[in-house]
Number of protein chains: 2
Amino acid sequence: MNFSIAEENYIKAIWHLQQADNNVTTNELAAELQTKPASVTDMLKRLKEKKLLNYQPYYGVKLNADGKKVALSIIRKHRLWEFFLVEKLKFNWDEVHAIAEELEHVSSNELIKRLDDFLGNPRFDPHGDPIPDGSGKMETLNQISLHELKENISATVTGVGDQTSSLLELLNKKNISIGTKLEIKQRNSFDASVEIKLRNQPLITLSEQLAKKIFVKTV
Amino acid sequence: MNFSIAEENYIKAIWHLQQADNNVTTNELAAELQTKPASVTDMLKRLKEKKLLNYQPYYGVKLNADGKKVALSIIRKHRLWEFFLVEKLKFNWDEVHAIAEELEHVSSNELIKRLDDFLGNPRFDPHGDPIPDGSGKMETLNQISLHELKENISATVTGVGDQTSSLLELLNKKNISIGTKLEIKQRNSFDASVEIKLRNQPLITLSEQLAKKIFVKTV
DNA sequence: AATAAAATTTAGGCAAATCTAAAAATAAAT
DNA sequence: ATTTATTTTTAGATTTGCCTAAATTTTATT
Ligand SMILES: [Mn+2]
Ligand SMILES: [Mn+2]
Ligand SMILES: [Mn+2]
Ligand SMILES: [Mn+2]
């Protein structure tokens, strides 16, 4: 089956929202896709026709197995292109999302297979997100948010909570990226901010909101 | 200005047809784009609204300066992506056209600038066609068709007349590609076919139709 | 349990891009 | 100069994807 760009964007958005929520609502989708609830209802009917999801009017939507497979193939393309843009074209990690939003809709499977090989079959994209393989399998790495990390335990940054440029640019400024080693030295109970130590650098402060968007794995 | 994929395909098709013809007709465009004349008329009205071309009902169409600029920026993207597909992803030259038809519509200019640098600012695509620079300038190489080449004059293949897989696959079979050195040894007046010599190989025969689609430059 | 608020769907419309069939204009042939 | 053939345009529909406004349904609050 072949899908339009709009259909692919809906399928991907549903997949992402259902990771957090399981059951996805019309309003959530409208917000995510920057469109109106009425338009979402329209599209959900079409995608139900195409048997990609279970949609109960008024009670939300869930991708079925076929829908998930389609979603993962788009996500695979998105993340491989992001890797290409950063590793080969030297974009910064905060510049690639919008471009990959377009590249992910180029349809050739042979292209993606060769791109994957050309890039050395990378397992993670520039934001630390795992890249699904050709059959849709993807590693689940058990990371925790920096906010939950115990004090004085060394950890490595493995992911970020979203791809907004405001978040990524703030992390650039604080010199934090995927792979950065860090440790919480103190917590400030007043605002739940944390004082962290990076390799050979003075302590820096991260707000609660920021610490919650940084994912780490203890070493 | 931003254009839809359909609009970009029309603009590019008009540009190509007007290289041969100067004035492009509705039927020519319909054939080129595999659509119906009525659809072409519709689109020409829209593109005239957007001031990209001069369209006289019943008398054909010509891109104006703005239209040509848009066309050349799409052609630049198309040919750079083709180069990428062949040089980096190791596609054959007969496999890249359809994929580049999609990639050429990815809108980021920064992407194209970086891709160009990553590829080493190539001047020709895998079919020997010149790649326009960022401002739309492009070299005009004075090649002649192999059919017009004098006998016993050594020449290099610099281009092909179209990108159809039937032509490109035939050339593969005959071991002819961009850069191949050859020489006409004999002409057969009966069918205008030519006997050519490639480096260290026995004579091979090319039909008149084929010889007319191969472009060469004398060395 | 009744009412108010919030979420969702329906109804009706619009623009882009396509189509078929009919009408009109241009070009070719007698 | 007519008639015929070809090309092109117009008229009217269709599909996709979106919108606003109104109606409906579900959820929350009194
Ligand atoms: Mn997208
Ligand atoms: Mn990413
Ligand atoms: Mn195209
Ligand atoms: Mn080419």
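Each chain gets a letter, A, B and so on, in the order the sequences are listed, and its residues count up from 1. Scope of the values below: all heavy atoms of this structure, side chains included, with no hydrogens, waters or symmetry mates. Just so it is clear, the structure is predicted and the values come from calculations on it, not from any experiment.
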(request) Not counting sequence neighbours, which residues clear side chain to side chain donor-acceptor pair (under 3.5 Å) with A:Arg46? List them please. (result) none
(request) Return the minimal non-hydrogen interatomic distance between A:Pro132 and A:Arg76, and the atom names on each side. (result) O-NH1, 3.0 Å
(request) Output yes when B:Asp162 and B:Lys213 qualify as a salt bridge under the 4.0 Å nitrogen-oxygen rule, no when they do not. (result) yes
(message) Enumerate the ring pair (Phe, Tyr, Trp, His ring centres under 6.0 Å) contacts for residues 96-117 of chain B, please, sequence neighbours excluded, ordered by first and then second residue.
(response) B:His78-B:His97
(request) Identify the heavy atoms of B:Pro122 and B:Ile131 that sit nearest to each other, and give their distance. (result) O-CD1, 3.7 Å
(message) Strictly below 4.0 Å, N to O, side chains only: are B:Lys113 and B:Glu110 in salt-bridge contact?
(response) yes
(message) Between B:Arg114 and A:Lys90 (side chain of the first, backbone of the second, donor and acceptor by atom type, cut-off under 3.5 Å), is there such a pair?
(response) yes
(request) Using a strict cut-off of less than 4.0 Å between a Lys/Arg side-chain nitrogen and an Asp/Glu carboxylate oxygen, indicate whether A:Glu104 and A:Lys12 qualify as a salt bridge. (result) yes
(message) Taking 4.0 Å as the cut-off, does a side-chain nitrogen or oxygen of B:Arg46 come that near to OP1 or OP2 on C:dA17?
(response) yes
(message) Expected output is a numbered-order residue list: members of residues 48-58 of chain A with a heavy atom under 4.0 Å from any atom of DNA chain D. What is it?
(response) A:Tyr58
(request) Rounding to 10 degrees, work out the angle separating the end axes of the helix from C:dA1-D:dT30 to C:dT30-D:dA1 (five pairs an end). (result) 10°
(message) For B:Lys62, run the side chain to side chain contact (heavy atoms under 4.5 Å, CB included) check against B:Asp21, B:Asn23, B:Ile14 and tell me which one passes.
(response) B:Asn23
(message) Aromatic contact between A:Tyr10 and A:Phe3, with the criterion being ring centroids under 6.0 Å apart: yes or no?
(response) no
(request) Starting from P on D:dT9, measure out to OH on B:Tyr59 and report it in whole angstrom. (result) 11 Å
(message) Would B:Lys88 pass as a cation-pi partner of A:Phe84, given that its NZ or CZ must be under 6.0 Å from the six-membered ring centre and within 45 degrees of the axis?
(response) no
(request) Taking all non-hydrogen atoms of both residues into account, name the closest pair between A:Ile11 and A:Gly67 and its distance. (result) CG2-O, 3.7 Å
(request) Mind running a 4.0 Å heavy-atom check of residues 26-45 of chain A against DNA chain C and sending the residues that fall below it, in number order? (result) A:Thr26, A:Asn27, A:Pro37, A:Ala38, A:Thr41, A:Lys45
(message) Among residues 4-24 of chain B, which ones have heavy-atom contacts with DNA chain D below 4.0 Å?
(response) none
(request) Would you mind checking if A:Lys212 and A:Glu208 are paired as a salt bridge, meaning a charged N to carboxylate O distance below 4.0 Å? (result) yes
